[in-house]
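These numbers come from the heavy atoms of this one structure, side chains and all, not from hydrogens, waters or symmetry mates. In this text, all values refer to a predicted model and were calculated from it rather than measured experimentally.
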Amino acid sequence: MSMSESLELVSATKSFGGWLKRYRHHARSLDCEMVFSIYLPPQAEERKVPVLWWLSGLTCNDENFMQKAGAQRLAAELGMAIICPDTSPRGLDLPGEHDSYDFGSGAGFYLNAKREPWSRHYRMYDYVNDELPSVARQHFPLNGREAISGHSMGGHGALVLALRQPGRFASVSAFAPVVNPMDAPWGQKAFKNYLGEERGDWRQYDACELVVKGVSRQPLFIDQGEADAFLDEQLKPERLETVCRTNNHPLTLRRQPGYDHSYFFIASFIDDHLRYHAKYLKLL
Ligand SMILES: N[C@@H](CCC(=O)N[C@@H](CSC=O)C(=O)NCC(=O)O)C(=O)O
């Protein structure tokens with residue numbers, strides 16, 4: 001990558017004394033144009049700040065979290081930047097790419113595809129883990145401390161990125177994550193089509209398998225709504241609970257009675273997650 005990748009400002013909106021901005025850039029790892037959102041708190045005018053990466057779920061783009069989670073008020077108070085990548089490559093028209101909500105556009109699953117025709121563009125693991133962080137460090141006043149969180153497919157992404165790379169993120173949390181995608185319909189559809197039939201390739205992208213592998217001992221903080229329509233078929237938090245207990249991996253799993261899978265659930269508990277990350281990011 002060159003020293004200075006160019007960014008095109010799409011929009012800038014003042015919020016709680018800071019700025020919510022959207023930028024377009026050429027993503028080399030995905031070979032397409034991508035848009036991301038960044039919230040810069042007021043403190044970023046004067047000093048470098050830590051960043052929370054937020055990975056969204058199926059059907060989302062970079063805007064869902066910024067518009068619905070209500071995170072800006074506390075992020076401004078804490079002095080925390082937030083960056084939301086999109087959830088898949090965009091602007092392409094691969095065969096079947098736009099046919100379903102749980103595969104293709106809006107459903108990149110934060111992995112590096114191995115199968116054609118996806119492998120040239122669907123490299124969201126590299127994009128969110130390497131390329132976009134590198135772009136962000138070049139262009140924004142970030143102090144090098146990074147945390148990660150996400151929702152559903154994005155919760156899966158956050159857990160996988162953190163569990164594969166001890167020390168890469170100061171902290172990790174998730175809302176209603178897909179914890180065992182190898183054994184859930186969303187994950188099986190994605191893995192089969194993006195990765196192929198080799199189960200060894202699937203294991204690198206499965207939080208339960210990664211806990212068993214034991215590369216990282218980083219604590220996991222998870223909120224799960226008990227009225228989530230996807231709970232039993234797709235999310236299966238009890239699987240993660242079991243492997244964490246068996247492998248002595250630190251897990252805080254909060255089951256929240258009455259809450260569903262929506263951003264109303266995320267908005268209800270986002271402050272707890274921001275404060276959790278703020279401690280590890282040395283803001284509290
Ligand atoms: N369209 C689907 C469900 C899609 C859905 O619920 N998407 C969630 C993430 S699900 C897991 O990754 C989401 O965040 N949607 C965007 C939003 O702003 O709410 C269906 O109809 O079943």
Looking only at the aromatic ring of each residue, does the gap between the centers of [Y] and [X] stay below 6.0 angstrom?
{"X": "F175", "Y": "F269", "value": "no"}
{"X": "F103", "Y": "W118", "value": "yes"}
{"X": "F264", "Y": "Y259", "value": "no"}
{"X": "Y122", "Y": "F109", "value": "no"}

Run the salt-bridge test on R123 and E131 with the 4.0 Å N-O cut-off and return the result as yes or no.
no
Query raised in the report: Would E97 and R90 pass as an ion pair if we require N to O under 4.0 Å?
Result: no
Under 3.5 Å, is there a donor-acceptor pair between the [X] and [Y] side chains?
{"X": "S262", "Y": "K68", "value": "no"}
{"X": "N61", "Y": "D86", "value": "no"}
{"X": "S149", "Y": "S173", "value": "yes"}
{"X": "S56", "Y": "H151", "value": "no"}
{"X": "N180", "Y": "E209", "value": "no"}

Quick note, ring-ring contact (aromatic ring centres under 6.0 Å, His included) partners involving residues 211-230, not counting sequence neighbours, are W186-F230, F221-H273, F221-Y276, F230-H261
Are the side chain of Q234 and the backbone N or O of A184 linked by a donor-acceptor pair below 3.5 Å? no
Q) Is the side chain of Q218 donor-acceptor paired with the backbone N or O of F169 at a distance under 3.5 Å, no angle test? A) yes
Practice task
Please lay out, stage by stage, how K21 and T13 fare under the test side chain to side chain donor-acceptor pair (under 3.5 Å).
Solution key: CA-CA 6 Å; K21 297 185 176 184; T13 309; over 6 Å; no
Does D31 form a side-chain contact (heavy atoms from CB on, under 4.5 Å) with R120? I'd like the steps, not just the answer. CA-CA 7 Å; D31 196 16; R120 185 168 152 211; 2.6 Å; yes
For the pair F265 and I270, evaluate side-chain contact (heavy atoms from CB on, under 4.5 Å) and give the outcome as yes or no after the intermediate values. CA-CA 9 Å; F265 160 59; I270 191 65; over 6 Å; no
I want to check something: taking the side chain as every heavy atom from C-beta on, are [X] and [Y] in contact at a cut-off of under 4.5 Å?
{"X": "K189", "Y": "D102", "result": "yes"}
{"X": "N129", "Y": "M124", "result": "no"}
{"X": "L55", "Y": "P85", "result": "yes"}

Tell me which donor-acceptor pairs under 3.5 Å the side chains of residues 32-49 have, and how far apart each pair is, sequence neighbours excluded?
{"unit_1": "E33", "atom_1": "OE2", "unit_2": "H26", "atom_2": "ND1", "d": "3.3"}
{"unit_1": "S37", "atom_1": "OG", "unit_2": "D62", "atom_2": "O", "d": "3.3"}
{"unit_1": "S37", "atom_1": "OG", "unit_2": "D62", "atom_2": "OD2", "d": "2.5"}
{"unit_1": "Y39", "atom_1": "OH", "unit_2": "S15", "atom_2": "O", "d": "2.7"}
{"unit_1": "Q43", "atom_1": "NE2", "unit_2": "A76", "atom_2": "O", "d": "2.9"}

| task | Answer yes or no for R164 and Y125: cation-pi contact, defined as NZ/CZ to six-membered ring centre under 6.0 Å and angle to ring axis within 45°. | result | yes
task = Show your working on salt bridge (charged side-chain N to carboxylate O under 4.0 Å, His left out) between D223 and R255 and close with a plain yes or no.
result = CA-CA 6 Å; D223 270 315; R255 290 185 167 82; over 6 Å; no
dist E241:CD -> C208:SG (nearest 0.5 Å) comes out at 10.5 Å
Please lay out, stage by stage, how E198 and K192 fare under the test salt bridge (charged side-chain N to carboxylate O under 4.0 Å, His left out). CA-CA 8 Å; E198 177 52 58; K192 196 171 161 188; over 6 Å; no
